Chemist: 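Here's a structure for you.
Sequence lines set the chain letters: A, B, ... in the order given, protein chains first and strands last, and positions in each chain run from 1. Remember, it's a predicted structure, so these values are computed and weren't measured experimentally.
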Protein chains: 2
Amino acid sequence: MSISSRFAVAIHILSLLDINKEGRNTSEFIAGSVNTNPVVIRRVIGLLGKAGLVHTSPGVGGASLARPPREINLLEVYRAVQNDPPGELFAAHDKPNPKCPVGQNIQGTLDTVFKRAESAMENELAKVTLDQIAFDLVRGDR
Amino acid sequence: MSISSRFAVAIHILSLLDINKEGRNTSEFIAGSVNTNPVVIRRVIGLLGKAGLVHTSPGVGGASLARPPREINLLEVYRAVQNDPPGELFAAHDKPNPKCPVGQNIQGTLDTVFKRAESAMENELAKVTLDQIAFDLVRGDR
DNA sequence: ACCACCTGTAACCATTGTAGTTACAATCGT
DNA sequence: ACGATTGTAACTACAATGGTTACAGGTGGT
Ligand code: FES
Ligand code: FES
């Protein structure tokens with residue numbers, strides 16, 4: 001299965017917060033932009049808030065970046081919205097047969113390979129910062 | 001969501017075929033080893049067969065590697081059992097709002113980043129061959 | 001020719017993650 | 001006090017997954 005589109009939506013939201021930092025970014029406004037339901041946006045923003053990436057305040061509307069976009073990389077965003085814990089991108093074969101010569105040792109062997117692959121992917125995400133995304137967006141615009 | 005455990009099961013199966021190449025590897029035997037249902041094994045073996053990694057024959061029982069384990073890498077196995085097409089590890093935000101300044105350009109921007117991350121992961125898988133796995137297994141055994 | 005055994009596949013079920021939606025209490029600025 | 005907004009809970013619909021049963025068809029031994 002694919003990685004949840006929450007990740008893509010989260011990047012959308014953060015980009016929008018950066019580009020439109022003058023305006024009042026309510027969940028409804030963002031939802032209109034992302035073309036989905038405001039609650040979906042609030043859910044994602046809730047995750048981003050817990051991760052310390054955005055600030056929100058109930059009552060008064062609008063969210064804003066909690067840190068300068070140059071200091072936010074996509075790995076943090078990924079971690080914030082991914083509820084699978086790190087190291088479990090690949091599902092393990094949960095009930096290995098202890099009597100099986102393969103099963104006894106395969107866990108560790110696969111774990112090493114899987115973790116290496118997962119880290120390689122995450123390192124690529126870590127290289128990209130939010131302001132790079134925003135720059136690409138604005139440049140593509142004109 | 002995690003990547004389907006079919007991948008892990010496939011590696012199990014292939015390792016077993018390599019290590020136990022003398023025996024008769026019926027789906028039921030493998031299922032006992034993997035500790036699951038024979039039909040699950042047959043499904044995975046079916047995928048591996050379509051990918052040209054194993055040989056099977058209806059009627060007579062048993063599957064066998066179609067190529068020497070040194071020439072089978074984990075990326076091929078991954079591709080064989082992953083029914084999401086390549087390039088879609090990350091789900092895109094499917095209905096971008098054309099009126100949104102972010103939505104207009106974000107597709108291409110994210111696509112580049114996502115593809116880079118996905119490739120990084122796949123390159124790691126491509127580095128590992130089946131006989132390396134089998135070697136690790138046997139060595140850990142004693 | 002028969003038979004035991006096996007594969008390949010369809011069908012069905014339970015579980016899980018996800019996105020969308022409605023509803024509403026709590027919160028804040030004016 | 002009021003209107004707007006957030007934060008959640010609850011519910012629905014849907015797709016992927018893994019397990020299971022069932023069965024048609026192939027294969028080799030006897
Ligand atoms: S436990 Fe996975 S093959 Fe034996
Ligand atoms: S934020 Fe995704 S389309 Fe505007």
Chemist: Between A:E88 and A:K115, does the salt bridge (charged side-chain N to carboxylate O under 4.0 Å, His left out) criterion hold? Intermediate values first, please.
Modeler: CA-CA 8 Å; A:E88 295 190 9; A:K115 281 210 168 54; over 6 Å; no
Chemist: Over 60° means perpendicular and under 30° means parallel, so classify the ring planes of B:F90 and B:F114, tilted if in between.
Modeler: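 Taking B:F90 first and then B:F114, their aromatic rings lie parallel (interplane angle under 30°).
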Chemist: Mind calculating the distance between CZ (B:F29) and C1' (C:dC5) to the nearest angstrom?
Modeler: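 Taking CZ of B:F29 and C1' of C:dC5, I get 16 Å after rounding.
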Chemist: What one-letter contact string describes nucleotides 21-30 of chain D from 5' to 3', where B marks a base within less than 4.0 Å of any protein heavy atom, S marks contact via sugar-phosphate atoms alone, and - marks no contact?
Modeler: BB---BS---
Chemist: Grab the CZ-P distance between B:R6 and D:dA16 for me, whole Å please.
Modeler: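 Distance check: B:R6 CZ to D:dA16 P gives 10 Å.
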Chemist: Which whole-number value in Å describes the distance from A:I41 CD1 to D:dT6 P?
Modeler: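 Going from A:I41 (CD1) to D:dT6 (P), I get 11 Å.
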Chemist: How many Å lie between CD1 on A:I30 and P on D:dT5, as a whole number?
Modeler: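 After rounding, the gap between these two atoms is 12 Å.
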Chemist: Which whole-number value in Å describes the distance from A:H12 NE2 to C:dA19 P?
Modeler: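 Checked: the NE2 to P distance equals 13 Å.
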Chemist: For C:dC5, does either OP1 or OP2 sit under 4.0 Å from a side-chain N or O belonging to B:T26?
Modeler: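 Looking at the OP1 and OP2 atoms of C:dC5, neither is under 4.0 Å from any side-chain N or O of B:T26.
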Chemist: Just how far, in rounded Å, is P of C:dG17 from CG of A:L89?
Modeler: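 Checked: the CG to P distance equals 15 Å.
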Chemist: Expressed in angstrom and rounded to an integer, what is the separation of A:L47 atom CG from D:dT6 atom P?
Modeler: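 Atom CG in A:L47 sits about 16 Å away from atom P in D:dT6.
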Chemist: Verify the contact: side-chain N or O of A:S27 to OP1 or OP2 of D:dT5, cut-off strictly under 4.0 Å; return yes or no.
Modeler: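 Indeed not, no polar side-chain atom of A:S27 lies that close.
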Chemist: What pair of heavy atoms forms the shortest contact from B:I19 to B:A134, and how long is it?
Modeler: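 Closest heavy-atom pair between B:I19 and B:A134: CG1-CB, 4.4 Å.
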Chemist: Please name all residues satisfying salt bridge (Lys or Arg N to Asp or Glu O under 4.0 Å) with A:R116, sequence neighbours left out, ordered by chain then number.
Modeler: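 For A:R116 there are no salt bridge (Lys or Arg N to Asp or Glu O under 4.0 Å) partners, ignoring immediate neighbours.
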Chemist: Respond yes when some side-chain nitrogen or oxygen of A:T36 is under 4.0 Å from OP1 or OP2 of C:dG20, and no when none is.
Modeler: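 Affirmative; the distance criterion is met.
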Chemist: What nucleic acid atoms does B:R43 come within less than 4.0 Å of, heavy atoms only: base, sugar-phosphate, or nothing?
Modeler: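 If one applies the 4.0 Å heavy-atom cut-off, B:R43 turns out to touch a base.
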Chemist: How close or far is atom C1' of C:dT16 from atom CD of A:E88, stated in whole angstroms?
Modeler: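 Nearest whole value for this atom pair: 15 Å.
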Chemist: Hey, is the side chain of B:S5 poking within less than 4.0 Å of OP1 or OP2 on D:dG18, counting only N and O atoms?
Modeler: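 Yes.
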Chemist: Show the numbers, then the answer: is there a side-chain contact (heavy atoms from CB on, under 4.5 Å) between B:V9 and B:T36?
Modeler: CA-CA 10 Å; B:V9 172; B:T36 184; 5.7 Å; no
Chemist: Would you say B:S33's side chain and B:F29's backbone share a donor-acceptor pair under 3.5 angstrom?
Modeler: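 Answer holds: no.
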Chemist: Considering only NZ, NE, NH1 and NH2 on the basic side and carboxylate oxygens on the acidic side, decide whether A:R79 and A:E76 come within less than 4.0 Å.
Modeler: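 No, no charged N to carboxylate O under 4.0 Å.
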Chemist: Tell me which nucleotide among D:dG19, C:dC5, D:dT5 gets nearest to the side chain of B:R24.
Modeler: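 Closest nucleotide to the B:R24 side chain: C:dC5.
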